[in-house]
Amino acid sequence: MKAKKGLSTFLLALGFTVYLTVNEPQSAYAMHIMEGFLPVGWAVFWWAVFIPFFVLGLRSLMRITKETPELKLMLGLAGAFTFVLSALKIPSVTGSSSHPTGTGLGAVMFGPLPMSVLGSIVLLFQALLLAHGGLTTLGANAFSMAVAGPMIGYTVYRSMIASTGRQKLSIFLAAALADLSTYVVTSIQLALAFPAASGGIAASFLKFAGIFAITQIPLAISEGLITVLIWNWLQAY
Amino acid sequence: MKSIMEALEVNYQYPGSAADALNGLTMSIPEGKRTAICGHNGSGKSTFFLHAVGIHRPAAGLLTWKGTPLSYDRKQLQLLRQRVGLVFQDPEQQLILNTPFEDISYGLRNARVPEDEIRVRTLHILDSMGLGQLADTPLHHLSLGQKKRVALAGVLVLRPELLLLDEPTAYLDRSSERQLLEELSRIHESGITVVMATHDMNLAYAWADWVLVMDRGQCVMQGPPEEVFRDEARLQALGLELPLLLELWQALPEAMRNGVAPPRSVEELKRVALQFHYSC
Amino acid sequence: MKSIMEALEVNYQYPGSAADALNGLTMSIPEGKRTAICGHNGSGKSTFFLHAVGIHRPAAGLLTWKGTPLSYDRKQLQLLRQRVGLVFQDPEQQLILNTPFEDISYGLRNARVPEDEIRVRTLHILDSMGLGQLADTPLHHLSLGQKKRVALAGVLVLRPELLLLDEPTAYLDRSSERQLLEELSRIHESGITVVMATHDMNLAYAWADWVLVMDRGQCVMQGPPEEVFRDEARLQALGLELPLLLELWQALPEAMRNGVAPPRSVEELKRVALQFHYSC
Amino acid sequence: MIRLIDTYAYGNKLRSVSPLWKCGFTAAMFVLSYMSHPAVQLLTVGWMCLWTVGHARIPMRIYAGLLGTCFIFYAASLPAVLIEIAPSGTQLPGTTGAAFSFTFAHWTAYIPDSGVHASLLLLCRTAACVSCLSFMMLTTPVSELLQVMKWLRMPSLVIELMLIMYRFLFLLDTAAHDMYTAQMARGGHSGFKSRLADTASLVVRLFTKTMQRYKQLANGLIARGFTDEIHMAPYRAVSVPARYWRESCAGIAALLLVELWLRWRILL
């Protein structure tokens, strides 16, 4: 009993330490679900959900690269660019730095379907070269970051442009919401896999969102602001 | 000789690399001189420069500015980076904004100079470096030589006391090179200590009045150029070459060289040859 | 003199640019020689090279390969690109696969060479260029000089008849430069016509047996180096400089130079000086 | 930072062993890790460590550091897995004796035994899986993984995109890092506003550079005969030393036996 108490106190202390320093650049990558974390059923489920989007994206890319093969080179470079972007430290209101997802900008620039392919390859490279995320959890991570984020970003951008016509505001919201929704989806994925004993999935979602999505709000705002600045500059060229 | 910046037993390793980039580097930059730091790629020249502006912090040892150890708190660093200007080898790395005018004002804005003054100082430096015409040309329309001058102007506009240049003439054609060196002479005459890192021994020989040779993260030779380049065997052991001019000079008949200091430029050589011709 | 490739009144403009990149260029590359194309950045050297491999098509005028006008249909282009090898200034631009071994075989695979032969030829060229040790090292671990040699090997393995090199020594340190030039001499001796574009007049003077000078998209001077570099006034008007060696030579006393052809290398110069010394 | 794992992947002692074999081995170990009991999972961790540190000669310091960063995620999500929150006074589910509880304004936060238990099980499984993944990424370079993917009939477009991305990752990363350094040297990134602007301008510069690279690469490859596809070198089968075959088979068999024994005991 005593040992158990000691153990849980230790686990808790460990958790809180990381929780409080979650804005540090190193831990920013911790936002991808780690290797082996999801129960096997959920890991397979998210792969199954992700693959159709990947295939759709791939088919659209195959169409355009068949006509102009050089576009492959462009897409490859755009992917490398996205990788570097996702490894970049960005300023946050709290003073420390973290990484942007860059998916909002990517989705607006290249469209959401190509991003599902490029984004998932970026995630694979992050798993292989940086040990962030994992292979069994790649389906889940790719769904939240390469499918849900870009889709939401793109939809927000389109509908905002159509309804208000205010470019900057649309870009800001697209980028910020793409970033934020990525982590909301991550929280949902975790909540589904680890429902709380009291309150079930909903309670669990609140707990995970408290860790992975609430902390992301200032970063999502920063990413939105930066993306607006980037957009202005790109327009000026 | 007073030193403006000094490295004392500095060690540094890049993260993820096994080799030492600086390996007990002890080296002094004399104030008011034109110093050339020679050495291969990878001998630690650029790493030293990044230490000098406080971007890297020594793992062991320390750097001093006019005798005072560098402080790494935010305010002091900001001040140091105004006093020490670093011009990178590749202007593409350094130029950030869209036009020379905007880019040159970048450092001033970081230093919180009032906007009016920024404008005046930027225009002034553009003029004095002959970039006035190009002030609003997008940077990607400029030639490499012009970009290098913009990068230099962006550093000079902060009125540094020490100017560090990493391979300033690399990739330049001869006429741009000459223009840049003339600029550097003017800068030096205005009282700024100028240091360049280069692996071009011809350049170091023709330009510097103080030469430091680096190898594997250490300073292995130092002195005025006549002295350093006299030690041919040592230089060759380090894999460096003699300046062409000096090599040629040594190939000339003894009678001609007798009692004359080796020339530092083609013009000087011509003069010596002419004198010899008459005396013949 | 037989020409292997010729440009006749070629005009070309880059899309979105007002100035002509090539402006009625008429120029002939002599077969079997070592040709240097000199000129400033922007004089049209690289644009000509991109025409020579059929990537750009002239807006007016035409190019010929051994007297036959280039054809731009797919098959013929593929054939042309096997005959004419182009090595770009920046090796990152043309290296694509992960290791020297894989990358060098890339062009062979495009040319539909059988896999067995690909293997043999790739291993052979790796060996002959001293890259055997590096065959399986990833490209991003190589130094610039090594990457340049891999890029060259990737082109040579196709056994081109004409080898075009754009600024081959740019960014290289002196020892890598020397190594590369030795390689080029071997290649030339094996019967390949070698052409390099450079703005380094020292290099052109020391290496070429035929010099073409380009300016604003035209060929303005041509001939053997002794001849081209004799016209000092014209070169200066073009903003080009005399090779340092030649300048030094001209600084020497008349008595010493009398009746001797200007030296092409430091060694030659030393020899002349020594001879003079004895004859004195 | 992105060079660290990559450098070991090219320089380790198992580099010359067939990538296909290494991937197959890792895949088998993944399945075993997912399906087995905690005890077997912990044995797996030890055994994979032996392969990575012992056979492949990856320095222990690097290996430990790598596993450490992986577990930041585990530690970060621990509070959510451990702590249960329920209205005070209700019957707290899943607990016989809560090891820890805290009541605030009608809500009680507590750590049920089941939570501790679940998080320990999770720890064992993630540790086993992470050690399998790190074995693969520290011993097999990405370029060889691409060969394996080709062998597995991955669509060639995906492989080509990965190839180009991998080729230019390092280049663009260096460019971004150099620009960041230059901004710092010129007094940039001081204060929130300037950091936002500096980051944005860096991204824009990097983007224009990327597009320049694209044009250059297109010319470079066309000059080398590129028409529609980037042909990779064919997969070359490499033999696997008999010793590794023996050792891996014996190890997997032993782990399976332990697992079966555990299951059998539980059945009894």
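Lettering of chains follows the sequences in order, A, B, ..., and the numbering in each one begins at 1. All figures in this text were calculated on a predicted structure; none of them were measured in a lab.
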### Query
What part of B:Gln93 gets closer than 4.5 Å to chain D, counting heavy atoms only: side chain, backbone, both or neither?
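The answer is both parts of B:Gln93.
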### Part of B:Leu108 lying under 4.5 Å from any heavy atom of chain D
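The answer is neither part of B:Leu108.
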### Task
Taking atom NE2 of B:His188 as the centre, report whether more than 12 heavy atoms of other residues, nucleotides or ligands fall under 6.0 Å from it.
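For B:His188, atom NE2 is crowded (more than 12 foreign heavy atoms under 6.0 Å).
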### Query
Around D:Arg15, counting heavy atoms of other residues, nucleotides and ligands shown, do more than 12 lie under 6.0 Å from its CZ?
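Yes, the 6.0 Å shell around CZ holds more than 12 heavy atoms from other groups.
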### Task
Find the one option among B:Gln82, B:Arg109, B:Arg112 whose heavy-atom pairs under 4.5 Å with chain D are most numerous.
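So the answer, after comparing B:Gln82, B:Arg109, B:Arg112, is B:Arg112.
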### Query
Under the 3.5 angstrom rule, does the side chain of B:Asn110 hit a backbone N or O of D:Ser190 as a donor-acceptor pair?
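Not confirmed, B:Asn110 side chain does not pair with D:Ser190 backbone.
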### Query
Taking the side chain from B:Arg81 and the backbone from D:Gly188, do they hold a donor-acceptor pair closer than 3.5 Å?
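Not a single qualifying donor-acceptor pair exists.
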To the nearest 0.5 Å, tell me how far [X] [atom1] sits from [Y] [atom2].
X        : Y        : atom1 : atom2 : result
B:Glu92  : D:Lys209 : CD    : NZ    : 5.0 Å
D:Met184 : B:Leu86  : CE    : CG    : 13.0 Å
D:Met179 : B:Gln94  : CE    : CD    : 12.5 Å

### Query
Checking side chain to side chain contact (heavy atoms under 4.5 Å, CB included) for the pair D:Asp178/B:Phe88: CA distance, chi angles, key distance, verdict?
CA-CA 10 Å; D:Asp178 284 351; B:Phe88 289 83; over 6 Å; no
Under 3.5 Å, side-chain donor or acceptor atoms of residues 47-58 of chain B against the rest of the protein: list the pairs with distances, not counting sequence neighbours.
residue : atom : partner : partner atom : Å
B:Thr47 : OG1  : B:Tyr14 : OH           : 3.1
B:His51 : ND1  : B:Thr47 : O            : 2.9
B:His56 : ND1  : B:Tyr12 : OH           : 3.3
B:His56 : NE2  : B:Tyr14 : OH           : 3.4

### Task
Would you mind telling me which of D:Gly191, D:Ala185, D:Ser201 has the largest number of heavy-atom pairs within less than 4.5 Å of chain B?
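Among D:Gly191, D:Ala185, D:Ser201, the one with the most close pairs to chain B is D:Ala185.
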#### Entry: Shortest non-hydrogen separation from B:Leu97 to D:Arg205 and the atoms involved
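Closest approach of B:Leu97 to D:Arg205, heavy atoms only: O-NH2, 3.0 Å.
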